[in-house]
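Here's the structure, in structure tokens; my notes come after.
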Amino acid sequence: MPSRPADAVVVGAGVIGAAIALELARTGRQVTVVDKAGAAGHGSTSASSAIIRFNYSTFDGVATAWEAQHLWTSWPEHLRLTGHRPLAAFHRTGVVLLDSPAADPSAVTALFDRAGVPYERWDADALRRHLPGIDAGRYWPPKPVDDDAFFDAPSGELGALFTPDAGFVDDPQLAAQNLADAAGTLGARFLFHHTVVAVDRAAGRVVGIRLADGTRIAAPVVVNAAGPWSGGLNRLAGVGDDFTVGVRPLREEVHQVAAPGFGPVVADLDLGTYLRAAPGGRLLVGGTEPACDPPQWIDDPDDADPRPTARRFRTQVTRAARRFPEIGVPNRPLGIAGVYDVADDWTPIYDRTALAGYYVAMGTSGNQFKNAPLVGRYLTALIDAVESGHDHDRAPVRHRCDHTGNVVDLGTFSRLRPVRPGSARTVMG
């Protein structure tokens, strides 16, 4: 079929890809977005818990999440959409990060202080006062719920860090659609139900993509935002040999139980779970990949069963009930499974590649929904610089945040970075 030219092609219409499309369109580029699903946000984004938190293991991670929060709190202004249409909403509930050796409070607060993130330090009495019904016992390390040791008495009591400006977005799929709509008003074109089968290259640079129906889309810039399918797209492009950070698809489950009136988001690395309220008096319960839980690595994201399993449901909800004894553990699992595109150090790769014109926004590891609006700006700044001749590998682009004034070194997200021994190695990033 005939070629359809564009200034840039984004592969993937999840929340990351839609955000990139919006920011590229704002530079005046003609943008085409291709996705195998039927609408924006129908892949991994739809299974996101959409928690907006600030605790990461690096300053650049913390500064990114803190700046992105300001975009969520001014969502209509960020989108600049006209007319009346449904918008995703940010709920400022605060996040309680319970103490654990996996997130040393002094290290976390040092990064918060540097980035300007407000927080409160709570002891066990404050925990019980702010979260009625909580068991403030220390149970570290997380244990399988079938292990008798899981029910051992606590070894002490926990404190916590509370970030009042954190919370969650109520509808992650709608958030992706909002971004796609905003990009569409600027001329971005979205092609759904289309699969990329080839990445065209000539003279050492990308020149476009080809779709399964034979359509060729010519473009000097291609961005891989394909989520758990990103590794396969890189193989089509013939890139990745120089990456020092690998990625791999991981199946994860988020469960639902009845828990009316639940307040702030709770990140409980001590037991290996997290909890947040959901509409209709429900509670979302997810896992933090504790060492005692075998990871569900998969080879093909298309093979992932979207239904929750009884075993994983019982594991995660039992942990939630240990922390909040009034939570029941139903016999029938309710929830959803999604697939993370997990990097070796659980830190995303936002970078150029050895193929000129071909960029990646991948390895988002289940912890980047919150950063998506800002990631669009990161990739656009990176593309503008590199396409103008800047050597990002030698002198990483630095991005000054509009709202917080923090300067983020985009080299933190390089494909060539060393995997840090002190990285979180979990979804917490």
Contacts satisfying ring-ring contact (aromatic ring centres under 6.0 Å, His included) that involve residues 82-108 (not counting sequence neighbours) are His91-Phe168

Does any pair with a residue in residues 290-303 pass salt bridge (Lys or Arg N to Asp or Glu O under 4.0 Å), and if so which ones, sequence neighbours excluded? Lys36-Asp302, Asp293-Arg319

Suppose the criterion is salt bridge (Lys or Arg N to Asp or Glu O under 4.0 Å): which pairs have a residue in residues 401-414, not counting sequence neighbours? Arg377-Asp402

Under 6.0 Å between the ring centres of Trp72 and Phe369? yes

What residues, two or more places apart in sequence or in another chain, satisfy side-chain contact (heavy atoms from CB on, under 4.5 Å) together with Ala291? none

Please enumerate all residues that pass salt bridge (charged side-chain N to carboxylate O under 4.0 Å, His left out) together with Arg121, with sequence neighbours excluded. Asp99

Taken in chain and number order and not counting sequence neighbours, the residues that satisfy salt bridge (charged side-chain N to carboxylate O under 4.0 Å, His left out) with Asp305 are Arg307

Take the angle between the ring planes of Phe112 and Phe54 and call it parallel below 30°, perpendicular above 60°, tilted in between. perpendicular

ring-ring contact (aromatic ring centres under 6.0 Å, His included) pairs, two or more places apart, involving residues 258-292: Phe262-Phe324

Pairs involving residues 258-273, ordered by first then second residue, that meet salt bridge (Lys or Arg N to Asp or Glu O under 4.0 Å) (sequence neighbours left out): Asp268-Arg323, Asp270-Arg323

Sequence neighbours excluded, the answer for side chain to side chain donor-acceptor pair (under 3.5 Å) partners of Arg29 is Thr27, Asp384

The salt bridge (charged side-chain N to carboxylate O under 4.0 Å, His left out) partners of Glu387 (sequence neighbours excluded) come to Arg205

Would you check if the side chain of Ser414 reaches a backbone N or O of Leu416 as a donor-acceptor pair within less than 3.5 Å? yes

According to salt bridge (charged side-chain N to carboxylate O under 4.0 Å, His left out), who are the partners of Arg398, at least two apart in sequence or on a separate chain? none

Sorted by first residue and then second, give each salt bridge (Lys or Arg N to Asp or Glu O under 4.0 Å) pair with at least one member in residues 165-178; sequence neighbours left out. Arg92-Asp165

